[in-house]
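Following: one structure in structure tokens, then a few remarks.
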Amino acid sequence: MRRNIALQLMYVGTAYHGWQVQKTIATVAETLEKALSTVVCHPVKCTGAGRTDAGVHAEAYIANFYTDSAIPADRIPLAVNTRLPDDIVVVAAWDVPQSFNAIGSCLKKEYTYRIYNSRIRNAFFVDRAWFYPKPLDAKVMNRAASHFVGTHDFAAVRSVGTDVRSTVRTVHYFDISRRGDVITCRVCADGFLYNMVRAMVGTCVYAAEGKFGPDDIPSILEGKCRTDAGPTVPPGGLYMTRLWYPEETLGEIVPLLSPF
């Protein structure tokens with residue numbers, strides 16, 4: 001009987017051109033599918049929870065695939081990890097209903113963006129956080145972030161890249177805080193547009209720099225003009241960190257092994 005298997009992953013995206021399989025460049029999905037196919041002894045097609053971009057990481061990520069293999073789900077992580085590079089790890093696996101789909105069944109997602117805000121760069125944060133040497137006030141950034149919360153048209157913080165029927169999304173929270181030299185930006189929404197999180201963070205950085213006020217965010221969103229908002233910040237500071245599914249399938253997915 002064909003089974004539907006859900007996998008929880010963590011990966012460092014630096015060496016990959018995003019999640020989605022592409023013809024000539026390495027991606028996370030392609031690498032995972034090749035490893036899984038050697039475990040279950042047939043070609044595998046994985047569906048991922050989101051189309052993370054080149055250089056973006058995941059502390060928690062869900063993918064699913066169908067198989068006729070009888071291998072128990074709890075044995076899959078150990079089996080497939082021996083066939084994966086060190087920067088991709090399967091941390092758990094479950095049998096899920098046939099209707100489960102890693103992206104279609106996902107209720108909401110959280111991304112975290114990290115900024116290393118210091119005059120001197122830190123070698124251990126290369127490609128893991130955005131090094132930004134100018135002083136940033138996290139309180140001003142958090143005030144700007146608060147205006148993104150709610151249901152809005154997010155066209156002003158969307159990069160052109162994929163066609164969507166609507167640019168309206170609901171942001172459940174967007175919190176920015178500082179601990180030492182690291183500024184952490186956590187945002188949760190029912191869905192995200194292409195580069196939406198990175199543009200939202202860039203807009204909050206611009207607010208902290210005084211290029212516009214934090215309370216100007218509502219008018220920027222209403223204007224729907226990408227050039228009115230801040231820049232799209234680099235991908236290396238972005239992580240998928242939490243996902244929510246219906247309780248009868250997976251429930252809340254959190255990082256099992258986070259370095260932060």
Side-chain angles (χ1 to χ4, degrees), residues 8-14 16-20 27-29 48-63 88 102-103 105-117 125 127-130 132 138 141-142 144-152 154-159 161-162 164 167-179 182-205 217 221 229-245 250 252-260:
Q8 181 173 347
L9 318 173
M10 63 186 304
Y11 60 82
V12 175
T14 306
Y16 304 97
H17 203 81
W19 162 263
Q20 192 166 318
T27 66
V28 178
R51 185 182 175 180
T52 58
D53 297 331
V56 174
H57 318 295
E59 293 178 12
Y61 190 92
I62 293 293
I88 302 175
I103 190 167
S105 301
C106 190
L107 303 175
K108 55 185 180 179
K109 307 169 189 175
E110 178 194 83
Y111 280 94
T112 298
Y113 195 89
R114 297 184 174 101
I115 302 170
Y116 187 71
N117 188 215
F125 283 108
D127 295 325
R128 304 292 192 277
W130 180 30
Y132 198 82
M141 293 179 67
N142 192 55
S146 68
H147 291 294
F148 288 105
V149 177
T151 301
H152 308 286
F154 287 94
V157 285
R158 170 213 179 187
S159 296
T162 54
V164 292
T167 50
V168 174
R169 296 290 186 273
T170 298
V171 171
H172 299 287
Y173 58 80
F174 187 10
D175 300 320
I176 298 179
S177 60
R178 185 183 195 110
R179 184 176 181 181
V182 178
I183 295 175
T184 300
C185 313
R186 295 188 185 276
V187 56
C188 172
D190 59 355
F192 293 92
L193 302 167
Y194 184 54
N195 284 343
M196 176 174 158
V197 176
R198 290 160 59 192
M200 289 167 66
V201 172
T203 302
C204 292
V205 168
I217 303 303
L221 290 176
T232 301
V233 296
L238 185 61
Y239 300 72
M240 182 177 281
T241 47
R242 196 174 297 246
L243 304 102
W244 287 263
Y245 290 90
L250 299 182
E252 185 177 352
I253 300 298
V254 300
L256 298 182
L257 302 166
S258 174
F260 294 96

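Worth knowing before you read on, the calculation uses all heavy atoms, side chains too, and leaves out hydrogens, waters and symmetry mates.
- Judged purely by distance below 3.5 Å, without hydrogens or angles, the side chains of E59 and T241 never pair a donor atom with an acceptor atom.
- Using cut-offs of 30° and 60° on the angle between ring planes, the pair F154 and F148 is parallel.
- In this structure, C106 and L243 approach most closely via the heavy-atom pair SG-CD2, 4.0 Å.
- The two residues A60 and P255 make their nearest non-hydrogen contact at CB-N, 3.9 Å.
- Side-chain contact between L193 and R169: present, with at least one pair of heavy atoms (C-beta onward) separated by less than 4.5 Å.
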Might you work through the side-chain contact (heavy atoms from CB on, under 4.5 Å) test for Y194 and R51, ending with a clear yes or no?
CA-CA 9 Å; Y194 184 54; R51 185 182 175 180; over 6 Å; no

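- The side-chain heavy atoms of V201 and Y111, taken from C-beta on, include no pair separated by under 4.5 Å.
- Taking the side chain as every heavy atom from C-beta outward, L238 and D53 never approach each other to under 4.5 Å.
- Nearest approach of K109 to M240, heavy atoms of both residues: CD-CE, 4.2 Å.
- Closest approach of A156 to L221, counting heavy atoms only: CB-CA, 4.3 Å.
- A donor and an acceptor atom, one from each side chain of T52 and Y11, are located under 3.5 Å apart.
- Within the 4.5 Å cutoff, the side chain of M200 has no heavy atoms near those of the R158 side chain.
- Between Y239 and H57, the ring planes are tilted. Angles from 30° to 60° get that label.
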Carefully, step by step, assess L250 and Q8 under the rule side-chain contact (heavy atoms from CB on, under 4.5 Å).
CA-CA 10 Å; L250 299 182; Q8 181 173 347; over 6 Å; no

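- Using a 4.5 Å heavy-atom threshold, the side chains of M196 and V187 count as separate.
- For the pair I183/I176, a side-chain contact is recorded, criterion being any heavy-atom separation below 4.5 Å from C-beta on.
- Using modelled atom types, one side-chain atom of R198 and one backbone atom of V233 make a donor-acceptor pair closer than 3.5 Å.
- Counting heavy atoms from C-beta outward, R128 and R114 have side chains that stay 4.5 Å or more apart.
- Although no hydrogens or angles enter the test, the distance criterion places a donor-acceptor pair under 3.5 Å between the side chain of Y245 and the main chain of A102.
- The minimum heavy-atom distance between F174 and C204, with the atom names listed, is CE2-SG, 3.8 Å.
- Counting heavy atoms from C-beta outward, W19 and T27 have side chains that stay 4.5 Å or more apart.
- Nearest heavy-atom pair across C188 and K108 is SG-CD, 3.8 Å.
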